[in-house]
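To start, the structure itself, in structure tokens.
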Amino acid sequence: MTVAATIRIQDADFDVAREIADLSKGRIDIGAVVSFSGICRGSEQGEPIAALTLEHYPGMAEAEIQRHADEALSRWPLQGLTVIHRVGRIEPGENIVLVVTASAHRQAAFEAAEFLMDYLKTSAPFWKREESARGPSWIEARGHDDAAAARWTKS
Amino acid sequence: MTVAATIRIQDADFDVAREIADLSKGRIDIGAVVSFSGICRGSEQGEPIAALTLEHYPGMAEAEIQRHADEALSRWPLQGLTVIHRVGRIEPGENIVLVVTASAHRQAAFEAAEFLMDYLKTSAPFWKREESARGPSWIEARGHDDAAAARWTKS
Amino acid sequence: MKVKYFAWVRERIGKAEETVEPPAEVRTVGDLIGWLAARGETYAYAFEKPKVIRAAIDQTHVKPDAAILGAREIAFFPPMTGG
Amino acid sequence: MKVKYFAWVRERIGKAEETVEPPAEVRTVGDLIGWLAARGETYAYAFEKPKVIRAAIDQTHVKPDAAILGAREIAFFPPMTGG
């Protein structure tokens, strides 16, 4: 059976429970479902923020996520995979990103979810701007995210 | 702030969405929530099964999970932790176990969830019996689960 | 002391728990397994592969060389398969 | 060819996209950054640290030495911060 990833980039919030159910409901071949929700925090580097605004490169963002989803499907025996990334203005406490993976065994589900999150952080064309008391400013990329992504590179 | 783990051993099913919401709703210090759901598969080693029956050691099971939850809370900067393990008869497609971790950053949330699952598989006093066409039989422990748990041992 | 059995150890012995009074020379968990195994066929079957058996004293995992002196509750069971 | 700008590259230049016709000696992505940077103050500001700038040709990440011949759409942006 060929597994197709569900990929969505949207302004609207998502419902983690529904996405998990959509992947696993009525299935008896799935033994493990991992979900990762990335949530907007109320501070960045110790500074309170009012909101984030997420910008993306339409077309390329979908293609990049699709490419990494396909790579995950080829590297791990997954039975389902969903990636949702929000764009637009997002306030503290709101969801930003969701990855859900389903597999017969837990290790594949965990690893594939971590792989996709590491790549979304470093390779998918999204940019975060924060609003704080000092005005708006773009969040800088972090070196440890690159290091996290590098561990998946096949040598 | 001291974080206390929520730990439950129960016959009844659980609601992943509600457990995630209970950990993270209204919080603006959480940036990452990882959930792991372990689900009863319809076959074991290629053999169809009708159901699993989960037996546990009351008292010790709670204490063992609490001990590992406390270890997770001391090793990773978590802002929330929930572990639910069902016992009794569970049919294919039904939930068996849930771990939810919440942290400011994704790596802590992923690692703590994996750590707890590895220990639940090898150290928590639960035993699975399967019902198949050949009658009931106890599921054997798997060497690769011990190997997965061993990676968390501090040297 | 109270002894508890779980999973197939329980099934083979045919009871979930009992109170036993082993003699003084039964000092360790391993000794206790040997002493129990000699109590009859069902026990011999349950403990036929003593290396496979896991034990807990007062709800904490222990090794076969653990002393049983002062234990209130000792449990025997197969390797765990939860999660 | 169409050029697109994102995040602070877009903000500094003051537009999201434009069509440009660089001369034939502008062969690589790095050449194009240099050529764009010379177009005016806003461009010079956007490309003041060329090593920080990431590029994509036809929606695929490329390095500065990538040839731009035949490209329909080239995008410039800061390091990504999604997820």
Side-chain angles (χ1 to χ4, degrees), chain A residues 15-21 23-44 46 48-52 79 91-107 109-111 113-118 120-121 142 144-145 147-148 151, chain B residues 15-21 23-44 46 48-52 79 91-107 109-111 113-118 120-121 142 144-145 147-148 151:
Chain A
D15 179 344
V16 182
R18 197 174 65 197
E19 301 304 331
I20 291 176
L23 268 199
S24 57
K25 210 166 188 176
R27 300 280 297 261
I28 60 166
D29 55 341
I30 290 173
V33 175
V34 168
S35 79
F36 175 91
S37 313
I39 299 167
C40 179
R41 289 194 306 275
S43 63
E44 276 287 335
I49 66 164
L52 291 176
Q79 277 143 345
E91 295 188 0
E94 283 189 70
N95 290 315
I96 299 173
V97 62
L98 176 70
V99 170
V100 187
T101 55
S103 178
H105 298 288
R106 74 187 183 287
Q107 201 183 346
F110 271 122
E111 286 187 2
E114 288 188 71
F115 165 85
L116 282 163
M117 280 309 306
D118 285 344
L120 286 172
K121 288 268 176 190
R142 300 179 307 175
H144 64 78
D145 282 331
R151 70 192 159 126
Chain B
D15 178 344
V16 182
R18 196 174 66 197
E19 301 304 331
I20 291 176
L23 268 198
S24 57
K25 209 165 190 176
R27 299 280 296 262
I28 61 166
D29 55 340
I30 290 173
V33 176
V34 168
S35 79
F36 175 90
S37 313
I39 298 167
C40 179
R41 290 195 306 276
S43 62
E44 277 287 334
I49 66 165
L52 292 176
Q79 277 142 346
E91 294 187 359
E94 283 189 70
N95 290 314
I96 299 173
V97 63
L98 176 70
V99 170
V100 186
T101 55
S103 178
H105 299 288
R106 73 188 184 287
Q107 200 182 347
F110 270 123
E111 287 187 1
E114 288 188 71
F115 165 84
L116 282 163
M117 280 309 306
D118 285 345
L120 286 172
K121 288 270 177 190
R142 300 179 307 175
H144 64 78
D145 283 330
R151 69 193 160 125

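Side-chain atoms are counted along with the backbone in the values below, which use heavy atoms only and exclude waters and symmetry mates. This one's a predicted model, so the numbers in the text were calculated from it and none came from an experiment. Proteins get letters first, then strands, A, B, ... in listed order; numbering begins at 1 in each.
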For A/Ser24, is it the side chain, the backbone, both, or neither that has a heavy atom closer than 4.5 Å to a heavy atom of chain B? side chain
B/Phe110 vs A/Phe110 aromatic rings, parallel, tilted or perpendicular, using cut-offs 30° and 60°? perpendicular
Most heavy-atom pairs under 4.5 Å with chain B, out of A/Val99, A/Asp145, A/Asn95, belong to A/Asp145
Return yes when atom CD of B/Gln107 has more than 12 non-hydrogen atoms of other residues, nucleotides or ligands closer than 6.0 Å, and no otherwise. no
Between B/Glu91, B/His105, B/Arg18, which residue shows the highest count of heavy-atom pairs closer than 4.5 Å to chain A? B/His105
Contact class of B/Asp118 relative to chain A, heavy atoms under 4.5 angstrom: both
Can you say whether B/Lys25 sits under 4.5 Å from chain A via the side chain, the backbone, both, or neither, judging by heavy atoms? neither
If we check side chain to side chain contact (heavy atoms under 4.5 Å, CB included) with A/Ser35, which of these qualifies: B/Val33, B/Ile20, B/Val16, B/Val34? B/Ile20
Of B/Asp29, B/Ile30, B/Ile28, the one forming a side chain to side chain contact (heavy atoms under 4.5 Å, CB included) with A/Ile39 is B/Ile30
Heavy-atom cut-off 4.5 Å, strictly under: side chain, backbone, both or neither for B/Ala104 against chain A? both
Partner chain B: residue of A/Pro92, A/Gly31, A/Ala32, A/Gly38 with the largest heavy-atom pair count (under 4.5 Å): A/Gly31
Starting from the C-alpha separation in whole Å, work towards a yes-or-no answer on side chain to side chain contact (heavy atoms under 4.5 Å, CB included) for B/Arg27 and A/Arg41. CA-CA 8 Å; B/Arg27 299 280 296 262; A/Arg41 289 194 306 275; over 6 Å; no
Trace of the side chain to side chain contact (heavy atoms under 4.5 Å, CB included) decision for A/Glu114 with B/Arg106: CA-CA 9 Å; A/Glu114 288 188 71; B/Arg106 73 188 184 287; over 6 Å; no
Most contacts with chain A, counted as non-hydrogen pairs under 4.5 angstrom, among B/Ala148, B/Ala102, B/Ala113, B/Ala21: B/Ala113
Identify which part of B/Ala109 has an atom lying under 4.5 Å from any heavy atom of chain A, answering side chain, backbone, both or neither. neither
